[in-house]
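Naming convention: chains lettered A, B, ... in sequence-line order (proteins, then strands); numbering from 1 in each chain.
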Number of protein chains: 2
Amino acid sequence: MSREVIIRAATDLLDSGGESALTLRALTTRLKTGYGAVYHHVADKDDLLAAATDEVVARVLAGVAVDAEPRQALRGLALGLFDEIDAHPWVGAQLARHPLESATLEIYECVGRLLDALAVPGRALFDAAGALMNYVLGVAGQNAAQARSAEGADRAAFLAAVAGRWARLDPGRYPFVRKAAARLPEHDDREQFLAGIDIFLAGIATLG
Amino acid sequence: MSREVIIRAATDLLDSGGESALTLRALTTRLKTGYGAVYHHVADKDDLLAAATDEVVARVLAGVAVDAEPRQALRGLALGLFDEIDAHPWVGAQLARHPLESATLEIYECVGRLLDALAVPGRALFDAAGALMNYVLGVAGQNAAQARSAEGADRAAFLAAVAGRWARLDPGRYPFVRKAAARLPEHDDREQFLAGIDIFLAGIATLG
DNA sequence: ACCTGAACACCGTTCAAGT
DNA sequence: ACCTGAACACCGTTCAAGT
């Protein structure tokens with residue numbers, strides 16, 4: 001028994017059953033051990049989630065091409081995060097729930113340095129870094145929320161259900177959402193995420 | 001006993017004690033009633049949270065100057081949401097946790113219509129609306145997370161503690177976060193939120 | 001219809017007791 | 001030190017029983 005083994009088991013539970021699948025009971029059963037063994041290596045459940053999240057985020061940050069052109073590096077970082085959060089929705093939930101902690105801090109440092117390399121001036125640098133962080137964490141949270149709603153069920157079916165509900169809204173009150181519903185079938189989360197990043201970078205460029 | 005009375009009591013509990021203060025036990029005690037009475041008017045706890053959130057959001061949306069210049073109306077909507085979420089952090093948590101539901105849907109419709117009025121073209125309109133929503137929901141989530149961490153304690157003291165922790169980080173590994181820590185005392189969440197909105201709007205303007 | 005409150009099926013966490 | 005597992009202090013929700 002070790003911290004590593006415990007965190008790996010927790011990650012497996014989260015990946016296969018979603019956020020709700022990680023319970024201390026399920027964890028001890030899977031590890032064929034007692035609560036004391038787990039609590040001897042880990043402070044509490046949040047420590048567990050934070051450690052599992054740190055590992056996933058570290059993997060993404062290690063893949064960032066720091067020596068590339070800053071704008072491309074930022075897009076790479078953002079996409080890397082998106083893909084990893086898409087594969088592990090619980091990571092998104094954890095990031096959105098605990099900002100200012102280790103994993104989020106690492107991302108913040110990386111984003112800040114890349115914006116600095118982009119020559120964003122003085123105090124605008126912190127506004128830009130904060131805004132970009134909030135956008136990314138917002139997407140992370142939405143992704144986690146969708147995964148929570150779908151939970152096991154087909155994701156395409158879930159989106160179709162949403163589109164159906166929106167299409168039935170009062171056209172007078174919800175003209176925009178109805179138009180959005182019509183676009184939902186051809187909608188690609190990943191593309192739209194990147195489009196948002198580009199809007200941001202375009203806005204940041206005007207700060208110079 | 002009525003749905004309205006129950007939702008008002010729930011709102012009071014949330015406002016005075018934070019997210020964790022709303023339990024069915026606390027609610028029945030405060031209302032001097034049993035569980036059955038509550039469940040007779042409300043589907044479940046989430047229904048309760050959603051209804052309480054709807055009221056707060058509806059108040060903000062009612063205050064949006066729809067006939068104003070779209071850019072100003074958008075800033076007004078964003079600021080209104082920020083202030084209400086700042087006053088009721090649990091609203092931020094609820095919005096971030098349940099997108100695509102009534103309260104978030106109302107915001108999305110409003111944002112979309114205002115961007116349309118801003119003459120954002122075709123499919124860029126949906127990218128822009130999505131990006132803006134994600135930014136706002138991200139900020140909402142962060143706000144809620146901070147309130148959760150502070151929970152009762154002094155907010156200024158909490159931020160000072162964060163700044164202290166950041167200032168003690170390794171300067172070689174975290175140059176950006178350390179610089180951010182130095183700026184934290186003079187940092188204003190509301191101003192930075194608005195700065196983010198402006199970066200967004202500037203980026204959206206380049207889509208035209 | 002509207003309400004009561006004991007009971008159920010879960011949680012995370014603790015801690016005396018073992019090795 | 002490392003681990004076991006009964007027990008504790010909570011949750012949200014249900015439902016037979018009352019009015």
Side-chain angles (χ1 to χ4, degrees), chain A residues 1-54 89-91 93-94 96-98 101 144-145 147-149 151-152, chain B residues 1-54 89-91 93-94 96-98 101 144-145 147-149 151-152:
Chain A
M1 193 56 46
S2 73
R3 191 177 158 90
E4 268 178 38
V5 170
I6 294 170
I7 290 164
R8 168 181 298 267
T11 303
D12 288 348
L13 283 171
L14 288 162
D15 281 340
S16 59
E19 292 173 59
S20 62
L22 177 61
T23 67
L24 270 294
R25 271 159 184 74
L27 193 60
T28 51
T29 303
R30 172 181 257 264
L31 291 169
K32 291 185 177 48
T33 182
Y35 300 105
V38 172
Y39 277 94
H40 190 264
H41 295 279
V42 150
D44 52 23
K45 192 182 172 177
D46 209 72
D47 184 21
L48 209 56
L49 271 164
T53 303
D54 283 356
W90 52 272
V91 172
Q94 178 66 12
R97 208 168 19 234
H98 293 276
E101 274 180 38
R148 214 158 28 223
S149 300
E151 192 101 333
Chain B
M1 194 54 47
S2 72
R3 191 177 157 90
E4 269 179 36
V5 170
I6 293 169
I7 289 163
R8 168 180 298 269
T11 303
D12 287 348
L13 283 172
L14 288 163
D15 281 340
S16 59
E19 290 171 61
S20 63
L22 178 61
T23 67
L24 270 294
R25 271 157 184 78
L27 193 60
T28 52
T29 303
R30 174 181 253 263
L31 291 169
K32 289 185 176 52
T33 183
Y35 300 107
V38 172
Y39 278 93
H40 190 264
H41 296 280
V42 150
D44 52 22
K45 192 181 171 179
D46 208 70
D47 184 21
L48 209 56
L49 271 164
T53 302
D54 283 355
W90 52 272
V91 172
Q94 179 67 11
R97 206 166 21 233
H98 294 275
E101 275 180 38
R148 213 157 29 221
S149 300
E151 192 99 334

Notebook entry, point to check: Under the side chain to side chain donor-acceptor pair (under 3.5 Å) test, which residues partner A:Ser20, sequence neighbours left out?
Noted result: A:Glu151

Check: What does A:Leu27 touch in the nucleic acid at a heavy-atom separation under 4.0 angstrom: a base, only the sugar-phosphate, or nothing?
Finding: nothing

Check: Counting any heavy atom closer than 4.0 Å, what does B:Leu31 reach on the DNA or RNA strands: base, sugar-phosphate only, or nothing?
Finding: nothing

Item checked: Nearest-angstrom distance from the residue atom OH of A:Tyr35 to C1' of D:dA9 -> 14 Å

Notebook entry, point to check: What residue among A:Leu14, A:Thr11, A:Val91 forms side-chain contact (heavy atoms from CB on, under 4.5 Å) with A:Thr53?
Noted result: A:Val91

Item checked: Non-hydrogen atoms of B:Ala21 and B:Leu13 that approach each other most closely -> CB-O, 3.6 Å

Checklist line | Atom of B:Leu48, atom of B:Ala10 and distance for their closest heavy-atom approach | finding: CG-CB, 4.0 Å

Would you say [X] and [Y] make side-chain contact, with heavy atoms under 4.5 Å?
X       : Y       : answer
B:His40 : B:Met1  : no
A:Arg30 : A:Asp12 : yes
B:Lys45 : B:Leu22 : yes
A:Asp15 : A:Trp90 : yes
A:Leu49 : A:His98 : no

Note to self: Among C:dG12, C:dC3, D:dC11, which nucleotide has an atom closest to any side-chain atom of A:Leu24?
What the structure shows: C:dG12

Check: If you check every side-chain atom of A:Arg25, which of C:dC3, C:dG12, C:dT13 has the closest atom?
Finding: C:dG12

Note to self: Which helical stems does DNA chain C take part in, if a stem means at least 3 consecutive Watson-Crick or G-U pairs with both distances below 3.5 Å?
What the structure shows: C:4-8 with D:12-16, C:12-16 with D:4-8

Note to self: Going by side-chain contact (heavy atoms from CB on, under 4.5 Å), name the residues that satisfy it together with B:Ala144, two or more places apart in sequence or in a different chain.
What the structure shows: B:Glu19, B:Ala93

Item checked: salt bridge (charged side-chain N to carboxylate O under 4.0 Å, His left out) against A:Asp47, all qualifying residues, sequence neighbours excluded -> A:Arg3

Notebook entry, point to check: Does any residue of residues 37-45 of chain B have a heavy atom under 4.0 Å from DNA chain D, and if so, which ones, in number order?
Noted result: B:Tyr39, B:Asp44, B:Lys45

Next item on the list: Taking only heavy atoms on the protein side, list every residue of residues 8-20 of chain A lying under 4.0 Å from any atom of DNA chain D, sorted numerically.
Entry: none

